[in-house]
Amino acid sequence: MPHPQSPVGSDADGTDHQPYDQSIVVPNKLILAADSFERKELSWFATTQIPTDLAIQVQDVIFNVHKYPLVSKCGYIRQLELQPSISKFRHDLKLEKFPGGPDTFEMILQFCYGLPADLNPNNIAALRCASEYLEMTEEFEDGNLITKAEAFLTFVVLASWKDTITVLKSCQNLSPWAENLQIVRRCCDSIAYKASRENSSTGEIVSEESWWLDDVATLRIDHFMRITTAIRAKGTKVEIIGKCIMHYAGKWLPDMDEGLEGLRGYGFGKSELHFSVLRRKEEESAGQNKEQRTIIESLVSMLPSQNGAVSCKFLLKMLKTAMVYSASPALITDLEKRIGLMLEDANANDLLIPNYKDEDQGLMLNSPEQRTMHNIDVVQRILDYFLMHEQHQQQKIGKTTVSKLLDNYLAEIARDPNLSITKFQALAESLPENARSCDDGLYRAIDIYLKTHPSLSEHDRRRLCKIMNCEKLSFDACMHAAQNDRLPLRIVVQVLFSEQAKMRMAMQGKESSIIADNSEQEEPRPSTNTEIKNLKSELENVKTKMTELQNDYSDLQQEYEKITSKHKNASPWILNWRKIKNSLHVVAESDNNGDGQQRQNKPGFRLSFRRRRSVS
């Protein structure tokens, strides 16, 4: 605070004056002792028999006091007393931007008048800053307020964890005085020292009983950053730093999943998805939005680079919050890369990121293509970062886990009626073909998409089903697909063909394994040989029956074509009746005559015999 200099001037009438003496004589024993202070509206008065001669204004409060008690201890007011203008205006003085405001100045007056001054952790920081403002040094009186405040801070406050936290909170409204006087730095260093000592005594990982996390989480973000940086500089484990950051974020940032829980519906028995977090954001003021954005950016900048310091679930929550409060694109990209490195630990519900503008309004987009419930592009970028990392590390284990995660995510977003087939297909095909060991999850997502979008054309249905590999479907999935009328007919045929091929290979593999086991044994057991013979005979019977059924089908088809060509104008009822009558006549005639050769030459009897044989 720049203090006004002592000018040498002249009166208004132009009469010159000699410069004032640069010293003031103060009586050794002040007779101006105030018993107390009285407040009348916005003015304070010292209760003495001697009238006051100085009015000091602090903010909107005026203090009517005596000048000598203040001049004897305050260098700033003594310097102002030497100015000739003060005598012209009844010694009125206005203290601009006084640290602590009127409450702190009242305690300063009590100290100057010799009244008891209560120093405690709640007011010591303000008194220290105010005494520095008024220049209450040892030069003017031994044991002045600066000396007393410093002693209280050093020997009382900094020795106590609770008092240090209290003083640091009180410094939030004392900038820049608290910073310049190193009060904030000394408090942060003391807290960091005590916290790091607690961590070293409890082990590498902070337990749930870490009492200091709650206290540190109540501080302002800039003070929290300084403490966290100091704790990290002392060699504290990254897990502790990560847990401290997550604890602070949980206290100061809104829970993005709270408004979305239980509201993920798309018109199928549930209400449509409502983004309560967006409505909350619209109701907040611009100052609150800026504060939240500052907290997010500060916390992300402090995140340790090592994997495992914070959970993937926490990073996804931070990403949602950062997008809601329109954080910088660089910060969002940083979070996406961090999530990509830990994508194996995520789950599908955490990846459901609401879709909204990157503007302060947070309103939904209007175009049909962009009016999807969830932001697919963000997940696509996260998946790309994961694949880049896997390719660099040359690992394949993580892809299997991520493939299941992606299939579950596709099943969730497939319920969105506004999701285009292009985005769905692009996201499903992001993983390489060998990443999925089983395509049941992908088939489930495709089936949900077809159910949600019944108006898809046949071409789009075939295009969508080409994503999955029918050979990687399980038996249950194949049975479901064979009866699924939403799938294209060609896909159903492929599913049945692949299942038949797998069954044939399984039977051949079982037979070869049994033969191999028997060849290894010195004395084959009779029961095993009998089982092999039975299996072979059953297989031959099945083949024979299938051949007979195929022949019956061919004969029936030829007979139908002949009848149709001969009797084009005949009624279907007449043709059927004639067919039944002829067949009955042939059977009766054959039974009466006992002519076996004739029975074999009749087509109707041959077909009936084959049918009875196939059924038997």
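Owing to the predicted nature of the structure, the values given are computational and were not obtained by experimental measurement.
Contact check on Lys243 versus Glu239 returns no salt bridge, with no Lys/Arg side-chain nitrogen under 4.0 Å from an Asp/Glu carboxylate oxygen. Salt-bridge formation is not detected for the pair Asp377/Arg381: no Lys NZ or Arg NE/NH1/NH2 atom is positioned less than 4.0 Å from an Asp or Glu carboxylate oxygen. Using a 4.0 Å cut-off between charged side-chain N and carboxylate O, Asp222 and Arg226 make no salt bridge. Taking 4.0 Å as the cut-off between side-chain N and carboxylate O, Arg186 and Glu150 count as a salt-bridged pair. Salt-bridge annotation for Arg220 and Glu291: absent, with no side-chain N of the basic residue lying under 4.0 Å from a carboxylate O of the acidic one.
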Intermediate values then yes/no, side-chain contact (heavy atoms from CB on, under 4.5 Å), Leu319 and Ile339:
CA-CA 9 Å; Leu319 178 61; Ile339 297 170; 3.8 Å; yes
Please walk me through it: do Tyr385 and Leu341 pass side-chain contact (heavy atoms from CB on, under 4.5 Å)?
CA-CA 7 Å; Tyr385 290 132; Leu341 299 180; over 6 Å; no
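Proximity of His66 to Tyr113: side-chain heavy atoms (C-beta onward) are separated by under 4.5 Å at one or more points. Looking at heavy atoms from C-beta onward, Glu344 lies out of side-chain contact with Leu405 at the 4.5 angstrom threshold. Thr218 is listed as a side-chain neighbour of Lys169, based on a closest heavy-atom distance under 4.5 Å. The side-chain heavy atoms of Thr137 and Thr147, taken from C-beta on, include no pair separated by under 4.5 Å.
Side-chain polar atoms of Thr372 and Asn355 form a donor-acceptor pair below 3.5 angstrom. Residues Thr321 and Lys317 have side chains that never bring a donor and an acceptor to within less than 3.5 angstrom of each other.
Note on ring orientation: taking the six-membered ring where Trp is involved, the planes of Phe224 and Tyr248 are parallel (angle under 30°, cut-offs 30° and 60°).
Atom OG of residue Ser170 and atom CG of residue Asn122 lie 7.5 Å apart, to the nearest 0.5 angstrom. Rounding to the nearest 0.5 Å places CZ of Phe386 at 8.0 Å from OG1 of Thr401. Note that the NZ atom of Lys237 and the OG atom of Ser196 stand 13.5 Å from one another [nearest 0.5 Å]. Here the straight-line distance linking atom CZ of Arg232 with atom CE of Met302 works out to 9.5 Å at 0.5 Å rounding. For the atom pair CD1 of Ile382 and CG of Leu351, the computed distance is 6.5 Å after rounding to the nearest 0.5 Å. Once rounded to the nearest 0.5 Å, the distance linking CZ of Arg78 with OG of Ser72 reads 7.5 Å.
Side chain of Thr154 to backbone of Ala151: no donor-acceptor contact under 3.5 angstrom is found.
Taking the centre and axis of the six-membered ring of Phe111, the NZ or CZ atom of Lys73 falls inside the cone set by 45° and 6.0 Å.
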